[in-house]
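Working notes, beginning with the structure itself.
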Amino acid sequence: MEEKIKVSIIVPVYKVEKYLNRSMDSLVNQTLDGVEIICINDGSPDNCLNILKEYKEKYPNKNIVIIDKQNEGTWKGRLDGIAKATGEYIGFVDSDDYVALDYAEKLYNAAKSSNADITVCGFKRVNSETGNAYSTEMNQFAGKIIDMDKNPEDILSINTALWNKLYKAEVLKNMHNLPNPPRIFDDMMFLLMAYLNTNKISFISDS
C-alpha cells in the first residue's frame, strides 16, 4: 500500500552548500510519517545539486524529490514545488535554515485538530556558529484562532515569512499566479495572496 503523504515540504535551493546538509538532516529525520521533501535546485552554481543527490541516494525511503531547473528565482521555484506536491498540507523551509525534528508532526497535528487553512508556529533566530538563540518569536499566540470573516485585521500580527507555517494544499494550489513576480518582499506578497484563499488560521507555541 502506497504511503499517504501528509506534508510536502518545499525547499528552494541556491548557493547554500555551506548550510544545506544541516537543513536536509533536519528534514530527513522528521518524526512524522508521510513527509515528502521537494528540493528545488534553482540553477545553483555550487555543489548543492550533488548534495541533494547524495541525500536522495542515502535515504531512498524518505520521499525526496529533486527538481533541477534553470535559475528563475525563489517565487517560480516555490510554484514548481507546489505543482509537484502531493501532500495534504504544504510547508516551506529555506535551505539555510533548519527545523526541529517534530516540526512537521506538531504543525500537522495542530492543523488537523483545528481544521485551519494555515497553522503558525514560533521560531528562533540563532547564531549560525554557536547555535545560541538571539530571540524566540511568534510563539505567544498559542491556541489563538483567526477567523478571516470576523477578525481579518489580526493577520497584521503574523510575521511575513513563509517557513513557520503549514498550509492546506488547496490554499496554495488554487492561489493566483503572478506573471511578473515581485522583485522585493516576495515572501510577504506570497503570503498575502495565500490569505485570499484562507478562512481560518491557528497557532501553536512551539518554535
Side-chain angles (χ1 to χ4, degrees), residues 1-13 16 19-40 48 51-67 78 81-82 84-128 130-133 135-145 158-159 161-173 200-207:
M1 184 176 176
E2 189 172 343
E3 181 182 26
K4 175 187 175 184
I5 301 298
K6 299 172 182 173
V7 175
S8 296
I9 300 175
I10 297 171
V11 188
V13 177
V16 287
Y19 308 104
L20 188 54
N21 288 93
R22 182 181 64 183
S23 185
M24 290 298 294
D25 284 342
S26 75
L27 294 174
V28 297
N29 290 300
Q30 287 295 299
T31 56
L32 180 69
D33 292 328
V35 171
E36 174 182 60
I37 306 166
I38 302 176
C39 304
I40 316 294
C48 286
I51 293 172
L52 294 175
K53 288 179 177 178
E54 289 170 4
Y55 274 87
K56 185 173 177 64
E57 183 177 349
K58 184 177 179 180
Y59 298 97
N61 299 320
K62 289 296 182 178
N63 299 311
I64 297 174
V65 177
I66 300 173
I67 299 177
R78 284 175 174 147
I82 291 167
K84 189 75 173 177
T86 61
E88 185 182 357
Y89 292 84
I90 295 174
F92 299 97
V93 170
D94 285 354
S95 46
D96 56 351
D97 293 337
Y98 57 98
V99 293
L101 300 187
D102 56 2
Y103 160 84
E105 181 177 11
K106 285 189 172 178
L107 277 171
Y108 176 79
N109 288 340
K112 292 290 286 185
S113 64
S114 64
N115 192 31
D117 298 297
I118 299 176
T119 302
V120 183
C121 69
F123 63 92
K124 295 180 180 180
R125 299 188 188 275
V126 300
N127 183 305
S128 61
T130 66
N132 294 330
S135 64
T136 301
E137 303 175 33
M138 287 305 302
N139 66 331
Q140 71 271 40
F141 301 113
K144 179 180 175 67
I145 297 291
I158 305 175
N159 69 310
L162 303 181
W163 31 252
N164 65 321
K165 301 166 180 71
L166 199 64
Y167 312 78
K168 278 187 179 178
E170 58 263 31
V171 167
L172 301 184
K173 287 183 177 287
K200 185 178 183 183
I201 302 170
S202 66
F203 297 79
I204 62 174
S205 63
D206 304 85
S207 298

### Query
So among V35, I9, I64, L101, which one has a side-chain contact (heavy atoms from CB on, under 4.5 Å) with L27?
I9
How far apart are the closest heavy atoms of [X] and [Y], and which atoms are they?
| X | Y | answer |
| --- | --- | --- |
| T119 | S202 | OG1-OG, 3.1 Å |
| G81 | I38 | O-CD1, 3.7 Å |
| S95 | P12 | OG-O, 2.8 Å |
| A110 | S113 | O-OG, 3.1 Å |
| V120 | M138 | CG1-CE, 4.1 Å |

Check whether [X] reaches the backbone of [Y] with its side chain - one donor and one acceptor, N or O, closer than 3.5 Å.
| X | Y | result |
| --- | --- | --- |
| N164 | G122 | no |
| Q30 | A100 | yes |
| K173 | I82 | yes |
| Y89 | A104 | no |

### Message
Between D97 and Y19, is the side chain to side chain donor-acceptor pair (under 3.5 Å) condition met? List the steps.
### Response
CA-CA 7 Å; D97 293 337; Y19 308 104; over 6 Å; no
### Task
Just do the side-chain contact (heavy atoms from CB on, under 4.5 Å) check on Y167 and L162 with the steps written out, would you?
CA-CA 10 Å; Y167 312 78; L162 303 181; 3.7 Å; yes
### Task
Can you spot which of Y98, Y103, W163 makes a ring pair (Phe, Tyr, Trp, His ring centres under 6.0 Å) with F123?
W163
Just how far is it from atom [atom1] of [X] to atom [atom2] of [Y], taken to the nearest 0.5 Å?
| X | Y | atom1 | atom2 | result |
| --- | --- | --- | --- | --- |
| D117 | L166 | CG | CG | 11.5 Å |
| K124 | S135 | NZ | OG | 10.0 Å |
| I10 | I37 | CD1 | CD1 | 12.5 Å |
| Y55 | I66 | OH | CD1 | 12.0 Å |
| K165 | F203 | NZ | CZ | 8.5 Å |
| D96 | R22 | CG | CZ | 8.0 Å |

### Task
Step by step, work out the salt bridge (Lys or Arg N to Asp or Glu O under 4.0 Å) result for D94 and R78.
CA-CA 11 Å; D94 285 354; R78 284 175 174 147; 3.3 Å; yes
### Task
Dump the intermediate steps for side-chain contact (heavy atoms from CB on, under 4.5 Å) on K56 and C39, then the final yes or no.
CA-CA 10 Å; K56 185 173 177 64; C39 304; over 6 Å; no
### Stepwise side-chain contact (heavy atoms from CB on, under 4.5 Å) test for L20 and L52
CA-CA 8 Å; L20 188 54; L52 294 175; 3.9 Å; yes
### Task
Among K6, K112, K168, find the residue that satisfies the side chain to side chain donor-acceptor pair (under 3.5 Å) test when tested with E88.
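Going through K6, K112, K168 one by one, the side chain to side chain donor-acceptor pair (under 3.5 Å) with E88 is satisfied by K112 alone.
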### Over 12 non-hydrogen atoms of neighbours within 6.0 angstrom of NZ in K200
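It does: K200 NZ has more than 12 such atoms within range.
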### Message
Contact between F92 and L172 at the side-chain level, heavy atoms closer than 4.5 Å - yes or no?
### Response
yes
### Query
Does E36 pair with K84 as a salt bridge, N-O distance under 4.0 Å?
no
